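Keep in mind the model is a prediction, meaning the values are calculated, not measured.
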Amino acid sequence: MRSKGSSNHKLSTMANRSRIPSLFISMFATFATIYVAGRLWQDAENRVYLIKELDRITGQGQSAISVDDTLKIIACREQHKKLDALEMELAAAKQEGFVSKGLIEMNGTYSKRRPLVVIGILTKFGRQKNRNAIRKAWMGSGAALKKIEEGKGIVVRFVIGRSPNRGDSQDKDIDRENRLTNDFLILDDHVEGNQGHPEKAKLFFAHAADEWDAEFYAKVNDDVYVNIDALGATLATHLDKPRLYIGCMKSGEVFSERNHKWYEPEWWKFGDKKSYFRHASGETYVISRALAKFISINRSILRTYAHDDVSAGSWFIGLDVKHVDEAKFCCSSWSTGAICAGV
């Protein structure tokens, strides 16, 4: 009898022991289900994985989840669908140029600092002496130009189009010069000509916005001296303005006489008083990233007039843009702290 009771006791103990792990597993699965459902609301990046885990656990019949938990799972799946849709929109935006090609994202941070400003010096064929003078005076070349880019966040490029006779000696001269200096932004979709300055300015902003994701973009003529440090210091005070248009603001008379130097073929569009709207003087002016992106996206439908400064002003007149009249951008007279001067 004693041996039989002892045997029964052992069997009972073994049975109890076998039930304990099952109980623990069931409790663990239940708590895991609730915990996972809660975490679904906290970490969007892990939702796909957690939903699969819930499906796996509940599909094995190890636990039963409540109606509330089920609704949470459904809601999380809906959020996941929205995230997928947003990712598709982001991919489309990247293809359209809304996301910088020059920035490489690593672990949620950018490995390359955004430039402060990209300066485009609009130049022409036969102006190499001007370009060399600019390189020597303020732009720099080679290692000095690279130092300005990396140290100050200021990118400087000469901007030029192509010859009407594509591939002729003028094009070859520019290509040869660029191989030596590597400081040109060549607009292959622009043909150089006497009447093409406004179009070239538009294409500079468009291509520069596509190539560099900078805070600002500046247009400069190739007969202007620029104080790089003063420009950088001034722009740094305007980083909080998302849509900025800054320069030496003016209005100016609209000339309807064909033989006048500043003749405007479409003078009649500017009203009976024959005065332009407020715009920045063309020697040099700066726009923010949002406006450069606007030009890039709408380049094919933005109207140009006889002058690039008037054309730029017309693009922004109907937008919510902050116009800043900054005397430091008035290049006609040089003073302490001035940003530019005509040479």
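Among residues two or more places apart in sequence or in another chain, the salt bridge (Lys or Arg N to Asp or Glu O under 4.0 Å) test is passed with D175 by R162. Under the salt bridge (Lys or Arg N to Asp or Glu O under 4.0 Å) criterion, E192 pairs with K200, not counting sequence neighbours. In this view, A218 and V117, I119, V286 satisfy the side-chain contact (heavy atoms from CB on, under 4.5 Å) rule, not counting sequence neighbours. Residues satisfying the side-chain contact (heavy atoms from CB on, under 4.5 Å) criterion with L239, sequence neighbours excluded, are L116, E215, F216. Checked against side chain to side chain donor-acceptor pair (under 3.5 Å), K250 has no partners two or more places apart in sequence or in another chain.
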>> Checking L187 against V159 for the side-chain contact (heavy atoms from CB on, under 4.5 Å) test, could you report, in this order, the C-alpha distance in whole Å, the side-chain angles of both residues, the deciding distance, and whether it holds?
In response: CA-CA 7 Å; L187 306 174; V159 182; 3.6 Å; yes
>> The test is salt bridge (Lys or Arg N to Asp or Glu O under 4.0 Å); show your working for R131 and E177 and say whether it passes.
In response: CA-CA 10 Å; R131 294 190 290 272; E177 184 179 346; 2.9 Å; yes
> Are Y217 and L291 close enough, and set up right, to give a side-chain contact (heavy atoms from CB on, under 4.5 Å), and what steps lead you there?
Replying inline: CA-CA 9 Å; Y217 300 82; L291 298 185; over 6 Å; no
> For E149 and R157, what are the C-alpha separation, side-chain angles and deciding distance, and is it a salt bridge (Lys or Arg N to Asp or Glu O under 4.0 Å)?
Replying inline: CA-CA 11 Å; E149 292 183 17; R157 294 290 186 273; 2.8 Å; yes
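With a 4.5 Å cut-off on side-chain heavy atoms, R278 and D325 count as touching. Residues R289 and R114 are in side-chain contact: their nearest non-hydrogen atoms beyond the backbone lie under 4.5 Å apart. Contact annotation: the side chain of V226 approaches that of V220 to within less than 4.5 Å [non-hydrogen atoms, C-beta and beyond]. Inter-residue side-chain proximity for D189 and H207 is flagged as met; some heavy-atom pair is nearer than 4.5 Å. Side-chain contact between Y285 and H279 is absent, with no heavy-atom pair separated by less than 4.5 Å. No side-chain heavy atom of T284 sits under 4.5 Å from any side-chain heavy atom of K219.
In terms of hydrophobic clustering, with Ile, Leu, Val, Met, Phe, Trp and Tyr side chains grouped at heavy-atom distances under 4.5 Å, I186 and V156 are assigned to a common cluster. In the hydrophobic clustering of ILVMFWY residues, with side-chain heavy atoms under 4.5 Å counting as a link, V324 and F329 come out together. Hydrophobic clustering (ILVMFWY, side-chain heavy atoms < 4.5 Å, transitive): V191 and F125 are in distinct clusters.
Residues in residues 221-242 take part in these salt bridge (charged side-chain N to carboxylate O under 4.0 Å, His left out) pairs, two or more places apart or across chains: R127-D222, K152-D229.
In summary, R135 and D183 engage in a salt bridge, as defined by a charged side-chain N under 4.0 Å from a carboxylate O. Ionic pairing of R299 and D210 is present here: one or more N-O contacts between side-chain nitrogen and carboxylate oxygen are shorter than 4.0 angstrom.
Between A209 and S296, the closest heavy-atom pair is CB-CB, 4.3 Å. In terms of heavy-atom proximity, S314 sits nearest to Y305 at OG-CE1, 3.7 Å. A pairwise comparison of heavy atoms in A306 and P198 identifies O-CG, 3.7 Å as the closest pair. The two residues P115 and V155 have their closest heavy-atom pair at CB-CG2, 4.2 Å.
A side-chain donor-acceptor contact under 3.5 Å links S288 to the backbone of L244.
SG atoms of C331 and C340 are separated by less than 2.5 angstrom, consistent with a disulfide link.
Between Y225 and W138, the angle of the ring planes goes over 60°, which puts this pair in the perpendicular group of the 30/60° scheme.
Close placement of the F184 and F158 rings is indicated, their centers lying within 6.0 Å of each other.
When I121, I295, I160, L185 are each tested for a side-chain contact (heavy atoms from CB on, under 4.5 Å) with F204, only one passes: L185.
For D168 and S163, the side-chain atoms include at least one donor-acceptor pair closer than 3.5 Å.
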